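Shown below is the structure under consideration.
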2 protein chains.
Amino acid sequence: MEGTPLGDGPTINTIAERAGVSIASVSRVLNGLPTRRETERKVLAAAEELGYVRNAVARSLKSRRTHQVAFAMADIGNPAYLAMLREIQPVLKAAGYRLVLHSTDAVVADEIDVLHSLGERYVDGLIMSPLRVTDAHLESLAAARTPVVVIGSVPEGTRADNVRADSRTGVRLAVDHLHALGRRRIAMVNGPLDTVPGAARGAAYREALEELGLPYDDDLVQIGDFYRAEGARAVAELLARVPDVDALMCANDLIALGALDVLRASGRRVPDDVAVVGMDDTDLAAASWPSLTSVSLGSAERGKAAAELLLQRLRGDDSAPRLVTVPPRLVVRASTAGNRADGPYDRKEGGV
Amino acid sequence: MEGTPLGDGPTINTIAERAGVSIASVSRVLNGLPTRRETERKVLAAAEELGYVRNAVARSLKSRRTHQVAFAMADIGNPAYLAMLREIQPVLKAAGYRLVLHSTDAVVADEIDVLHSLGERYVDGLIMSPLRVTDAHLESLAAARTPVVVIGSVPEGTRADNVRADSRTGVRLAVDHLHALGRRRIAMVNGPLDTVPGAARGAAYREALEELGLPYDDDLVQIGDFYRAEGARAVAELLARVPDVDALMCANDLIALGALDVLRASGRRVPDDVAVVGMDDTDLAAASWPSLTSVSLGSAERGKAAAELLLQRLRGDDSAPRLVTVPPRLVVRASTAGNRADGPYDRKEGGV
DNA sequence: ATCGCTGCTGTAAACGTTTACAGGCAAGCC
DNA sequence: GGCTTGCCTGTAAACGTTTACAGCAGCGAT
């Protein structure tokens with residue numbers, strides 16, 4: 001009635017008592033440090049009987065490592081981030097790290113909070129994918145007390161590894177494709193211009209037209225938000241203004257799905273009347289009707305690269321910040337290429 | 001040169017020195033306990049200057065609370081689990097808990113590992129959604145040292161809250177719907193029978209036929225796995241064996257998408273020749289071609305309910321285990337109801 | 001018999017907090 | 001003036017580990 005300390009679960013102390021050795025010996029056995037055969041046996045037996053499990057919190061306090069990594073995604077509903085998550089998770093797991101998931105809903109204050117909370121040291125590192133990068137972000141990044149990898153673009157000189165998509169090239173691939181198909185009234189449906197992807201894709205669209213010798217026309221650009229319903233609304237407006245568009249470059253698969261909805265409702269055929277291209281190449285692109293040509297910005301690859309960069313930092317690498325750029329890829333499907341390939345059945349499509 | 005202790009970041013000790021008070025006072029100020037005005041001022045000033053942030057690990061060790069909750073999902077690629085995740089995350093966040101994400105890939109050993117690791121006390125509670133529930137699961141559940149909520153079915157008497165879908169009713173809704181449309185050769189494409197959903201849906205299918213007075217025919221049942229490619233393979237086999245089916249009840253949206261692929265490739269029209277119903281009502285169902293009638297098993301609602309149950313436990317409620325059942329809902333779309341409603345544009349579809 | 005190894009083992013301090021307890025001090029009362 | 005009372009404050013222990021250090025036994029060499 002005086003053996004067990006106080007709490008419920010057995011601790012290293014409980015085992016020490018039971019085995020008749022010191023807590024140091026218990027710890028050593030549990031950590032595989034050299035020990036006499038007999039001591040080891042007693043300790044292991046006691047641990048087994050008691051159903052002992054190491055307390056991760058106490059370990060972390062002493063070792064200053066939590067074996068946890070945070071991933072702060074802007075929008076937990078966006079398939080592009082989910083694709084990253086899917087790749088990040090197994091990489092971390094394989095390296096013995098747990099994943100703490102934050103969804104910031106793209107609210108700047110929330111993202112700053114996450115950065116600030118790194119000081120609480122409940123994680124060893126962070127992967128974050130902000131929609132916007134503000135000065136507040138950069139400030140908090142500079143003050144961060146653990147390694148951070150940013151998926152998205154960050155100014156040169158920032159003290160964080162950086163994994164980027166190349167949406168400029170991505171947009172050009174798509175616009176070139178549409179141009180090659182004979183389209184000349186190519187509109188762009190974009191998200192907010194003060195977001196990183198919004199700005200980059202908008203500029204890239206302009207550049208791509210220029211390179212092709214097509215005129216840039218403000219009327220052909222419509223700004224909405226990165227969601228399906230918003231995309232639909234934006235395309236409806238666009239069609240009202242310029243009924244003769246023959247191609248839509250959408251900044252996002254969700255926007256593109258909204259576009260398909262509206263085009264269908266307006267009686268236009270896709271791709272015969274209007275060709276549609278999305279971006280991100282999410283699962284939805286393959287499943288939609290008609291299946292959606294989409295620019296893959298390598299979400300999965302970016303997630304994986306970010307996780308691997310972070311792991312290197314956690315292993316002690318403190319060389320200069322790195323920059324990894326993942327090349328885009330155009331995945332052609334029915335929404336631009338006619339009806340011959342309207343099903344995704346031909347594509348290798350794994351366990352999704 | 002002798003002030004700061006050893007590590008890098010400021011601790012409560014650093015503040016105490018700087019402010020010329022004891023660490024107890026610092027702690028009290030930081031926790032809002034009654035303190036003299038002057039002391040409070042000094043402490044807060046010092047904390048501010050030093051950029052102090054509370055160490056979460058040390059706090060957790062003392063308080064025995066980590067403010068973290070784990071969610072163990074069987075398959076991080078499955079939209080049904082993602083729907084749960086999307087609901088769980090904000091509920092936990094609002095209550096001040098962080099989310100630790102585990103993906104077990106439906107491997108039993110991994111799930112047991114997660115349960116076992118609860119003993120490490122790096123989380124205050126767990127929500128898990130196993131595909132199979134084995135004896136090993138039940139054993140580990142019984143030994144779990146923190147509250148656990150299981151999404152899925154668990155035998156009566158298990159020491160865990162339980163949130164269930166009612167797939168029996170769900171299947172019946174679907175089969176009744178198909179029957180009402182005049183279909184009489186209704187096949188079932190199921191996942192493995194040793195999984196909880198597989199077994200439940202298979203049995204429900206049989207019952208539903210019985211209630212309608214339709215004969216049960218082994219030839220009309222095809223077992224595959226819960227993935228798109230597998231579903232396609234299964235449906236191909238089924239069609240070879242019974243070319244005259246006029247309806248497919250698929251245990252899963254992914255299977256149903258595979259079915260659509262194969263039906264299209266075989267020249268059959270949907271729904272004219274063969275009507276198709278999926279289950280889970282994932283995002284894919286609304287986006288597919290033709291849009292997919294699907295039984296919503298309330299993944300989102302289940303996730304939310306699970307999170308709320310767990311929070312109650314964390315607030316100290318230790319009443320008897322609860323059982324929450326979420327009712328299913330049939331969402332009719334083009335794959336059964338003809339072409340009039342082939343687009344999802346009419347449905348309120350938010351930020352996905 | 002003494003010395004110095006070698007190889008385990010135990011004691012105690014540390015990680016950064018929270019908190020029970022006791023001490024100090026001013027004010028209020030007789 | 002001494003006593004109680006109340007309010008703050010500091011000391012120290014605790015949470016459950018890991019680990020530097022010292023101690024001790026056994027053993028071969030001198």
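Note that the structure is predicted; figures quoted are calculated from it, not measured. Naming convention: chains lettered A, B, ... in sequence-line order (proteins, then strands); numbering from 1 in each chain. All values below were derived from every heavy atom in this structure, side-chain atoms included, with hydrogens, water molecules and symmetry-related copies excluded.
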- Message: Per the salt bridge (charged side-chain N to carboxylate O under 4.0 Å, His left out) rule, what does the pair list look like for residues 129-147 of chain A, sequence neighbours excluded?
- Response: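 Listed by first then second residue: A:R132-A:D194.
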- Query: To the nearest 10 degrees, what angle separates the axes at the start and end of the helix from C:dA1-D:dT30 to C:dC30-D:dG1, five pairs each?
  - Reply: 70°
- Item | side chain to side chain contact (heavy atoms under 4.5 Å, CB included) involving B:A72 - partner list, sequence neighbours excluded |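 Counting only residues at least two positions away or on another chain, B:A72 forms a side chain to side chain contact (heavy atoms under 4.5 Å, CB included) with B:H102, B:T104, B:V114, B:L126, B:M128.
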- Under 4.0 Å between a Lys/Arg side-chain N and an Asp/Glu carboxylate O for A:D110 and B:K93?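 Yes, charged N to carboxylate O under 4.0 Å.
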- Task: Applying side chain to side chain contact (heavy atoms under 4.5 Å, CB included), name anything that partners A:E38, two or more places apart in sequence or on another chain.
- Result: A:R36, A:R41, A:K42
- Message: Check whether A:T11 reaches the backbone of A:N13 with its side chain - one donor and one acceptor, N or O, closer than 3.5 Å.
- Response: yes
- A:T11 side chain near D:dG16 phosphate (N/O to OP1/OP2, under 4.0 Å): no
- Message: Can you pull out every salt bridge (charged side-chain N to carboxylate O under 4.0 Å, His left out) where at least one residue sits in residues 313-326 of chain A? Sequence neighbours excluded, please.
- Response: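 Output for this query lists A:D161-A:R313, A:R313-A:D317, A:D317-A:R322.
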- Task: Identify, with sequence neighbours excluded, every residue that meets side chain to side chain contact (heavy atoms under 4.5 Å, CB included) alongside A:R59.
- Result: A:N31, A:R54
- Message: I'd like to check the side chain to side chain contact (heavy atoms under 4.5 Å, CB included) partners of B:S60; sequence neighbours left out, ordered by chain and number.
- Response: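 Only A:V57, B:T66 meet the side chain to side chain contact (heavy atoms under 4.5 Å, CB included) criterion with B:S60.
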- Message: Nearest whole Å is fine: how far is C:dT17 C1' from A:E120 CD?
- Response: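 Taking atom C1' of C:dT17 as the reference, CD of A:E120 is at 13 Å.
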- Message: So, OP1 or OP2 of C:dG16: does either fall under 4.0 Å of a side-chain N or O from A:Y122?
- Response: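 For C:dG16, neither OP1 nor OP2 has a side-chain N or O of A:Y122 closer than 4.0 Å.
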- Item | Rounded distance (Å) that lies between atom P of C:dC8 and atom CD of A:E40 |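 It works out to 11 Å between those atoms.
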- Would you please name every residue forming a side-chain hydrogen bond (donor to acceptor under 3.5 Å, both in side chains) with B:R65, sequence neighbours left out?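 Checked B:R65 against side-chain hydrogen bond (donor to acceptor under 3.5 Å, both in side chains); matches are B:Y97.
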- Message: What is the separation between atom CG on A:N55 and atom C1' on C:dC15, rounded to the nearest whole Å?
- Response: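 In whole Å, C:dC15 C1' and A:N55 CG are 13 Å from each other.
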- Task: Report, as a single string ordered 5' to 3', how protein heavy atoms within less than 4.0 Å touch nucleotides 22-27 of chain D: B base, S sugar-phosphate only, - not at all.
- Result: ------
- Query: Could you state the CD-P distance from A:E38 to C:dC8, rounded to the nearest angstrom?
  - Reply: 13 Å
- Message: If I take atom CG in residue B:N13 and atom C1' in nucleotide C:dT17, what distance separates them, rounded to the nearest angstrom?
- Response: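 Distance check: B:N13 CG to C:dT17 C1' gives 10 Å.
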- Message: Can you measure A:L61 atom CG to D:dA14 atom P for me and round it to whole angstrom units?
- Response: 17 Å
- Message: Is the phosphate of C:dG16 approached by A:R64 (side-chain N or O, under 4.0 Å from OP1 or OP2)?
- Response: yes
- Message: Please list all pairs meeting ring pair (Phe, Tyr, Trp, His ring centres under 6.0 Å) that have one or both residues in residues 117-141 of chain A, counting only residues at least two apart or in different chains.
- Response: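 Every candidate ring pair (Phe, Tyr, Trp, His ring centres under 6.0 Å) pair involving residues 117-141 of chain A fails, so no pair, neighbours aside, qualifies.
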- Message: When you measure from the side-chain N and O atoms of B:R36 to the phosphate of D:dC7, is any distance below 4.0 Å, counting only OP1 and OP2?
- Response: no
- Task: Pick base, sugar-phosphate or nothing for B:V21, based on heavy-atom distances below 4.0 Å to the nucleic acid.
- Result: sugar-phosphate
- Message: Within a 6.0 Å radius of atom NE2 on A:H67, are there more than 12 heavy atoms belonging to other residues, nucleotides or ligands?
- Response: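 Yes, enclosed.
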Protein and nucleotides 18-22 of chain C: nitrogen or oxygen contacts under 3.5 angstrom:
from, atom 1, to, atom 2, distance (Å)
C:dT18, OP1, B:N31, ND2, 3.4
C:dT18, OP1, B:R59, NE, 3.1
C:dT18, OP1, B:R59, NH2, 3.3
C:dT18, OP2, B:S27, OG, 2.7
C:dT18, OP2, B:N31, ND2, 3.4
C:dT18, O2, B:K62, NZ, 3.3

- Sequence neighbours excluded, the answer for side-chain hydrogen bond (donor to acceptor under 3.5 Å, both in side chains) partners of B:E120 is none
- Would you classify B:S60 as touching base, sugar-phosphate or nothing, given that sugar-phosphate means primed atoms plus P, OP1 and OP2, and contacts are heavy atoms under 4.0 Å? nothing
